[in-house]
2 protein chains.
Amino acid sequence: MLSRQEKRLNRIIKMLHLSNPTTVNNLSSIMDVSHMTIRRDLELLKERKLVDIFHGGVILNNEKKRAKQHPYSLSFANKQMNPEKKLIAVKASSYIKSNDIIILDTGSTMEYFARALPDCFPFTVICFTLNSLVHVSKMDQAEIIFPGGYFHENTLMFESKEGIELIKENPADTAFISASGISMEAGVSCSNDYEFATKTEMIKSADKKILLVDSSKFNKVKSTPFAELTDFDVIISDKSIPKEYRDYCNTQNIELILV
Amino acid sequence: MLSRQEKRLNRIIKMLHLSNPTTVNNLSSIMDVSHMTIRRDLELLKERKLVDIFHGGVILNNEKKRAKQHPYSLSFANKQMNPEKKLIAVKASSYIKSNDIIILDTGSTMEYFARALPDCFPFTVICFTLNSLVHVSKMDQAEIIFPGGYFHENTLMFESKEGIELIKENPADTAFISASGISMEAGVSCSNDYEFATKTEMIKSADKKILLVDSSKFNKVKSTPFAELTDFDVIISDKSIPKEYRDYCNTQNIELILV
DNA sequence: TTTATAATGTTAAAATTATAACATTTCTAA
DNA sequence: TTAGAAATGTTATAATTTTAACATTATAAA
């Protein structure tokens, strides 16, 4: 149970989210406490670096906000391989045709892909992560299907068995899939159990399957295998992949695109 | 060639980009003009909707920024009744308890509500719109269930029959419902067909039903009726509602909270 | 240059906000 | 339940900001 004051502090922060900045008077009339109480509250919030006080009022200190954001978001993923990932994403976007239904997997490469989607002709996007959704929703011509479900904070993914049903209901032209591990022997794998059902259903649902993986993922095996390399029609990666995979794709008749 | 004043106006905006908000005194000492000059400048900037003035200082107006984003977002909804909506939202947030499962309806009032959610104890949020989702996903302690489905651009809502199944699967403690029309005879109504199934299922699913509607919605009937007033346990509105509704709630034993 | 106009500065009074000291209420633990 | 402590409210005074009226300075056109 929070003390009255702590409740007020929370409420003040909430109020600030609604209208920033705000005044001592406004707060004291809304909360129905004296201005001195509000001032004392603000002093505390200031000590906690949550707000800044100015003559007459208070403003959120949004240094914190920026720092927090999302653990996955871009801040983290941006750090490694992003030039390759961007190139891979841009290359992949050329596989989209007007009126296609496409399906986007999760992961940082897919966020670049979502950002690289063309917005000059109409098509339908099925996606699963908050990041992709935010980008896609800003597009003018795209229809969006977001199967939804339970939120997973580490990847910003939503999944549920009902979501799987929605994938089945909307067979896709092309699935753009990502992975954390690629191995000639162990196949294609990812790091989270909960992605399995969605990933396999995406692959089943789509006519054409395209795998987007930068070279750092090769010869790695992660906890959850979800497909064979031969399940894919196209693999888009960068020039640093091990040579044996070039030969393998050749013999297996997989189109290998290296950016 | 810009006039002196125009140059100052530009400089003030630049200063604000560096530190927002700032004070009249700070600006006048930096620009080496009198506080009256700064005040007159600020009046101009305010007329141009570039800044907001508060006692002692000035802050950038970033409504513009937001307005671009989504057609619905805040730009539109902000225009009418927003002080009441904010107060209603803040009031409603006090009905959430630790470990509750709550369910958030669509609409602008609900976006305010999503922003006003407490983040000092854990609970689960079920929601349907992109706006709510973006806010909720930034919270530290909230679990999120997003039923998902097909996207409706005008309200930023997602809905599907699979989404409805997810609601059924997660019975809520409290449903926070909004409406575009309230009428003693015709009941509670909204403006979009596609909201019907979700709204009725939300109401069925929740133990406690709270209706959030500002006074502008009273004595209006919209295209899609979805509930009776008596379906609700609590109605939160503002003091301008027609008197007859006060009596009605009294006789029908509906808790009526007016902010 | 002169003159009219606009822009800026100055000042004092009014309004608002801040502070500090003390009174009252509320909470907590014995 | 009650004493002590913490939180909140009240008040008067101090500090700051705002306003409005008017003085001064800069600017541009005749």
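Each chain gets a letter, A, B and so on, in the order the sequences are listed, and its residues count up from 1.
- The phosphate of C:dA7 has neither OP1 nor OP2 within less than 4.0 Å of any side-chain N or O from B:R8.
- Residues B:E195 and B:T198 are not in side-chain contact: their nearest non-hydrogen atoms beyond the backbone lie 4.5 Å or more apart.
- For A:R40 and D:dG9, the shortest distance from a side-chain N or O to OP1 or OP2 is not below 4.0 Å.
- Straight-line distance from the CG atom of A:D41 to the P atom of D:dA6: 17 Å, rounded to whole Å.
- Residue A:M31 contributes atom CE, which lies 15 Å from atom C1' of D:dT8 at whole-angstrom precision.
- Taking atom CG on B:L27 and atom P on D:dT17, their separation rounds to 12 Å, with Å as the unit.
- Separating the CZ atom of B:F54 from the P atom of D:dT16 is a distance of 16 Å, rounded to the nearest angstrom.
- When the nucleotides D:dT19, C:dA7, C:dG9 are ranked by their closest atom to the side chain of B:H35, D:dT19 comes out on top.
- Remark: A:N25 is not in phosphate contact with C:dT16, judged by side-chain N or O atoms under 4.0 Å from OP1 or OP2.
- The nucleotide whose nearest atom lies closest to any side-chain atom of A:H55 is, among D:dT8, C:dT10, C:dT17, C:dT17.
- By the 30° and 60° cut-offs, the orientation of the rings of B:F176 relative to B:F113 is tilted.
- Distance B:I53 CD1 to C:dT16 P: 16 Å, rounded to the nearest Å.
- Rounded to whole angstrom, the span from the CD1 atom of A:I38 across to the P atom of D:dG9 amounts to 9 Å.
- In this structure, B:N26 atom CG and D:dT16 atom P are separated by 15 Å, rounded to whole Å.
- Counting to the nearest Å, the P atom of C:dA7 and the NZ atom of B:K7 are 15 Å from each other.
- In the set C:dT10, C:dT19, D:dG9, C:dT19 carries the atom at the smallest distance from any side-chain atom of A:M36.
- Checked against the 6.0 Å centroid criterion, the rings of A:F151 and B:F146 do not qualify as a close aromatic pair.
- A ring-centre distance under 6.0 Å is found for A:Y194 and A:H152.
- The environment of B:E165 atom CD is dense: over 12 non-hydrogen atoms of other residues, nucleotides or ligands sit within 6.0 angstrom.
- Comparing D:dT10, C:dT8, D:dT17 by their closest approach to the side chain of A:S34 singles out D:dT10.
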